[in-house]
Amino acid sequence: MLNPIDVNAVLTGGCAIGRYPGQIHEGVAWWIGSCLVVTTHTHRIAVSHDGHPISVRFHERLCRGAINARHYAATVTDLGHATEDSLLAAARNLGGVPSVFVSTLGDADTGATVTLTLHDHAGRRLTEDSGLAVIRRMIAEDHVPIPVNDAARGRIEAHRTGPRAEVQR
């Protein structure tokens, strides 16, 4: 595995959390997106971030990982910069889909802490029993789902309000 992490330290309490740079890197977001789709057997997730520049980078990688999760052809509903409460409301409105909120405290120069908060279909933080242990094991054993071919790849749909609502990827 390139750029391994201490999965027991980083994947805890319904989150992937760590110091950046150091304990966590953008590749972890890809792994989390892909593993969350496969672990929850979903074809859609919702994601948002707090607007911090580091969060934006992790958010983009998370979206890419989710759309490349095996044969799921998952659709990522991308709220962009939105609160965690807004994300959870959108996930409920989509019929109860898993979701991830990306946030960052600090900056890369002085030491940032990046958090990817993982929620299940009911909007609860992922627990050991609802998927966190499986995701941890997939990453530790280097069983992160690999990118798929174009025919099986999912898509990212921007779901935003305001002046940037037309953004599509």
Side-chain angles (χ1 to χ4, degrees), residues 1 3-20 23-50 52 54-105 112-147 154 156-157 159:
M1 171 187 296
N3 299 318
I5 60 167
D6 179 349
V7 292
N8 293 318
V10 171
L11 290 168
T12 183
C15 300
I17 184 169
R19 238 179 18 267
Y20 175 81
Q23 292 178 309
I24 197 168
H25 53 81
E26 291 96 334
V28 174
W30 173 287
W31 303 341
I32 294 294
S34 186
C35 290
L36 181 66
V37 167
V38 171
T39 301
T40 59
H41 307 286
T42 191
H43 291 281
R44 181 182 292 273
I45 67 169
V47 299
S48 71
H49 60 81
D50 64 359
H52 192 288
I54 294 172
S55 297
V56 172
R57 291 197 309 265
F58 275 76
H59 169 267
E60 289 170 355
R61 291 295 293 271
L62 183 131
C63 291
R64 295 288 169 209
I67 65 170
N68 279 287
R70 288 192 187 144
H71 62 277
Y72 281 84
T75 298
V76 174
T77 300
D78 177 6
L79 277 68
H81 182 187
T83 66
E84 190 169 11
D85 287 340
S86 296
L87 171 68
L88 293 172
R92 277 192 307 277
N93 289 338
L94 290 167
V97 300
S99 61
V100 182
F101 180 69
V102 183
S103 59
T104 302
L105 293 174
T113 298
V114 177
T115 305
L116 289 79
T117 306
L118 312 173
H119 302 99
D120 64 14
H121 291 86
R124 296 180 301 252
R125 279 195 184 196
L126 221 56
T127 65
E128 295 297 311
D129 294 335
S130 66
L132 194 63
V134 173
I135 291 171
R136 185 183 300 112
R137 187 174 60 249
M138 289 172 77
I139 293 171
E141 296 174 358
D142 199 16
H143 291 155
V144 174
I146 59 173
I156 301 170
E157 295 178 344
H159 182 78

Taking the inter-plane angle between the rings of His25 and Trp31 on a 0 to 90° scale, is it parallel (under 30°), tilted (30 to 60°) or perpendicular (over 60°)?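 Aromatic pair His25/Trp31 classed perpendicular.
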Using the ring of each side chain (for Trp, its six-membered ring), is Tyr72 parallel, tilted or perpendicular to His43, with breaks at 30° and 60°?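 If you compare the ring of Tyr72 with that of His43, the planes turn out tilted.
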Working to the nearest 0.5 Å, report the span between [atom1] of [X] and [atom2] of [Y].
X      : Y      : atom1 : atom2 : result
His119 : Leu126 : NE2   : CG    : 9.5 Å
Thr104 : His59  : OG1   : NE2   : 12.0 Å
Leu87  : Ile45  : CG    : CD1   : 9.5 Å
His159 : Thr75  : NE2   : OG1   : 13.5 Å

Dump the intermediate steps for side-chain contact (heavy atoms from CB on, under 4.5 Å) on Asn68 and Ser34, then the final yes or no. CA-CA 7 Å; Asn68 279 287; Ser34 186; 5.9 Å; no
Arg64 side chain vs Trp30 backbone, donor-acceptor pair below 3.5 Å: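 Side chain of Arg64 to backbone of Trp30: no pair is present.
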Nearest heavy-atom pair of [X] and [Y]: which atoms, and what distance?
X      : Y      : value
Gly14  : Leu132 : N-CD2, 3.6 Å
Phe101 : Ser48  : CD1-OG, 3.2 Å
Ser103 : Asp50  : CA-OD2, 3.2 Å
Ser86  : Leu79  : O-CD2, 3.8 Å
Cys63  : Val76  : SG-CG1, 3.7 Å
Thr117 : Cys15  : OG1-SG, 3.8 Å

Can you find a heavy atom in the side chain of [X] that is under 4.5 Å from one in the side chain of [Y]?
X      : Y      : answer
Ile135 : Leu36  : yes
Leu62  : Ile32  : yes
Ile54  : Tyr20  : yes
Ile24  : Leu116 : yes
Leu118 : Pro98  : no
Ile17  : Gln23  : no
His121 : Ser130 : no

Any salt bridge (Lys or Arg N to Asp or Glu O under 4.0 Å) pairs touching residues 126-136, not counting sequence neighbours?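 Listed once each, the pairs are Glu128-Arg136.
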Sequence neighbours excluded - salt bridge (Lys or Arg N to Asp or Glu O under 4.0 Å) pairs with any residue from residues 33-48: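 Matches after skipping sequence neighbours: Arg44-Glu157.
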Any chance you could lay out the side-chain contact (heavy atoms from CB on, under 4.5 Å) test for Met138 and Val38, step after step, and finish with the verdict? CA-CA 10 Å; Met138 289 172 77; Val38 171; 4.2 Å; yes
